[in-house]
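Below is one structure, written out as structure tokens, with a few remarks after it.
None of these values were measured; they are calculated from a predicted model. Sequential numbering from 1 along the given sequence is applied to the chain's residues. These numbers come from the heavy atoms of this one structure, side chains and all, not from hydrogens, waters or symmetry mates. Atoms within each ligand, like the ligands themselves, are counted from 1 in listed order.
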Amino acid sequence: MMVTTKLGIHDKLPLTCSRTGTCCHGKLVLLNPWELVCLAREKKITTREFRDIYCEFGGIRLRFDGKIGWKGQKACSQYVDNFGCSVHLGRPLSCRLYPLGRQIQSEEVHYIYEGSEFPCLEGCPEVSELPFMSVGEYLQGQETDKFEKAQDEYLNLMQNLADIAFVLLLDTGLAESGDNKTLLLWRKMGNELPEVLADRIGQEWLDYLMLPEISDDLENPISFARKHNELLQLKAQEKFGSLQTNQELHDASVLIMGVALHLARGIGANPQILAEHWIDTAKKYGALE
Ligand code: SF4
Ligand code: SF4
């Protein structure tokens, strides 16, 4: 199991970055839909163009297909040699937080770093000679606030999508009919590779998830994510509102749960743990496996 070091907001660490760009190589940078918009604006191209050129799995992860650099690893697609990040002002939360991570446990936010040794020391040992600062000062300097709010709002949106899957299974007579295939598929999707889950979801729903047609409120992640939520709820109503057969209800419940799990990965949650949690909840309400 991965060791993590939990931090208090007043803990002082060597958090002044030496800007060598080592951490822009060989990392996984995940994205929520609002972060994708921020990156595209900074790059001065459309969100769709940014998604198609620079992202993987329908837009939930930045490509790392740049020049080979630190430790023989490929650079982020946004990294420019001898310059740094080409989308600095629009960079996503995980880049703003690095080397810290953010965890939510029982609705409480914690900041952490992975391992027991401060991560920057491996690639940039010179940080220990630079000014130390508190975790709180670091977060302020990186302007994480809006990005953290976006993350939290998309966590709500993810739960709302999962709720649609629950309704389709539990409130339509599907579970009562003795269906035992739907939960099996929820579990399977929780274990699927992101490319497999993206294929399963298909382009249409990947686009609803990552390219919402919202042209205002781009500065305000909370309104943006809430509008996005409304659009997805309307789309679900339009597509699933008049389903008749158990097979159609099963397919719809699986599809929308797949979308929730794909978003979960994009916001750094663990799809496998979430799928198990949602399966347990559905069983408590009478669903069978
Ligand atoms: S590893 Fe740390 S010090 Fe080095 S470039 Fe990344 S954030 Fe900065
Ligand atoms: S988006 Fe910018 S800061 Fe983040 S990994 Fe890519 S180059 Fe580095």
Side-chain angles (χ1 to χ4, degrees), residues 4-5 7 11-47 49-57 59-102 111-148 150-151 194 210 221 265-268:
T4 55
T5 303
L7 302 166
D11 282 342
K12 288 221 164 201
L13 293 164
L15 283 166
T16 302
C17 176
S18 62
R19 295 182 178 269
T20 59
T22 56
C23 56
C24 296
H25 292 76
K27 292 279 184 298
L28 296 182
V29 175
L30 296 161
L31 305 172
N32 68 46
W34 184 72
E35 289 177 316
L36 188 59
V37 169
C38 294
L39 285 163
R41 281 168 85 202
E42 202 49 35
K43 204 81 176 177
K44 297 189 173 44
I45 56 177
T46 65
T47 314
E49 283 167 338
F50 191 94
R51 192 269 307 261
D52 292 348
I53 302 170
Y54 299 118
C55 298
E56 298 183 292
F57 317 135
I60 62 161
R61 197 164 98 181
L62 268 180
R63 281 187 199 283
F64 269 60
D65 56 0
K67 214 172 130 186
I68 293 199
W70 187 62
K71 276 183 144 184
Q73 302 177 105
K74 286 193 174 176
C76 170
S77 55
Q78 304 310 304
Y79 188 73
V80 177
D81 240 2
N82 301 318
F83 174 77
C85 179
S86 63
V87 286
H88 183 72
L89 293 175
R91 70 201 185 286
L93 181 63
S94 60
C95 303
R96 287 169 193 268
L97 287 178
Y98 192 85
L100 309 183
R102 184 174 184 261
Y111 297 95
I112 54 160
Y113 61 76
E114 284 183 0
S116 43
E117 189 184 76
F118 187 64
C120 296
L121 290 173
E122 192 192 357
C124 305
E126 64 280 5
V127 288
S128 50
E129 309 296 323
L130 299 171
F132 280 40
M133 63 175 103
S134 71
V135 170
E137 286 164 345
Y138 182 66
L139 298 177
Q140 214 173 3
Q142 292 289 323
E143 299 181 1
T144 59
D145 189 48
K146 274 210 272 190
F147 289 79
E148 293 189 58
Q151 205 72 343
M210 295 310 288
R265 194 187 308 272
I267 57 177

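Looking at R63, its side chain does come within 3.5 Å of a backbone N or O of C55 through a donor-acceptor pair. Side-chain atoms of T16 come within 3.5 Å of backbone atoms of P131 as a donor-acceptor pair (strictly under, hydrogens ignored). Between the E35 side chain and the L93 main chain, a donor and an acceptor come within less than 3.5 Å of each other.
Under a 4.0 Å criterion applied to the non-hydrogen atoms of V127, ligand 1 contributes the atoms 3 (S). Of all atoms in ligand 1, numbered sequentially from 1 with element shown, those under 4.0 Å from a heavy atom of C17 are 3 (S), 5 (S), 7 (S), 8 (Fe). Those atoms of ligand 1 with a heavy atom of G21 less than 4.0 angstrom away are 5 (S). The ligand atoms of ligand 1 that sit less than 4.0 angstrom from a heavy atom of T22 are 1 (S), 4 (Fe).
Within a 6.0 Å radius of NZ in K74, no more than 12 heavy atoms belonging to other residues, nucleotides or ligands are found. Within 6.0 Å of CD on E143 lie no more than 12 heavy atoms contributed by other residues, nucleotides or ligands. Summarising the local packing, CD of E49 is surrounded by more than 12 heavy atoms from other residues, nucleotides or ligands at distances under 6.0 Å. Counting non-hydrogen atoms of other residues, nucleotides and ligands closer than 6.0 Å to CD of Q73 gives a total above 12.
Protein heavy atom at the shortest distance from atom 4 (Fe) of ligand 1 is C124 SG, 2.3 Å. The protein atom (non-hydrogen) at minimum distance from atom 2 (Fe) of ligand 1 is C120 SG, 2.3 Å.
Residue contacts with ligand 1 include S18, since one of its heavy atoms falls under 4.0 Å from the ligand.
Under 2.8 Å from atom 4 (Fe) of ligand 2, one finds the following protein N/O/S atoms: C95 SG.
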*Hey, mind stepping through R91 and E42 against side-chain contact (heavy atoms from CB on, under 4.5 Å) and telling me if it holds?*
CA-CA 9 Å; R91 70 201 185 286; E42 202 49 35; over 6 Å; no

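Of the inter-residue distances, the one linking Q151 atom CD with K146 atom NZ reads 15.0 Å to the nearest 0.5 angstrom.
Atom 6 (Fe) of ligand 1 has an N, O or S atom of C23 under 2.8 Å away, backbone or side chain.
Sorted by first and then second residue, the ring-ring contact (aromatic ring centres under 6.0 Å, His included) pairs with a member in residues 112-147 read W34-F147, Y113-F118; sequence neighbours excluded.
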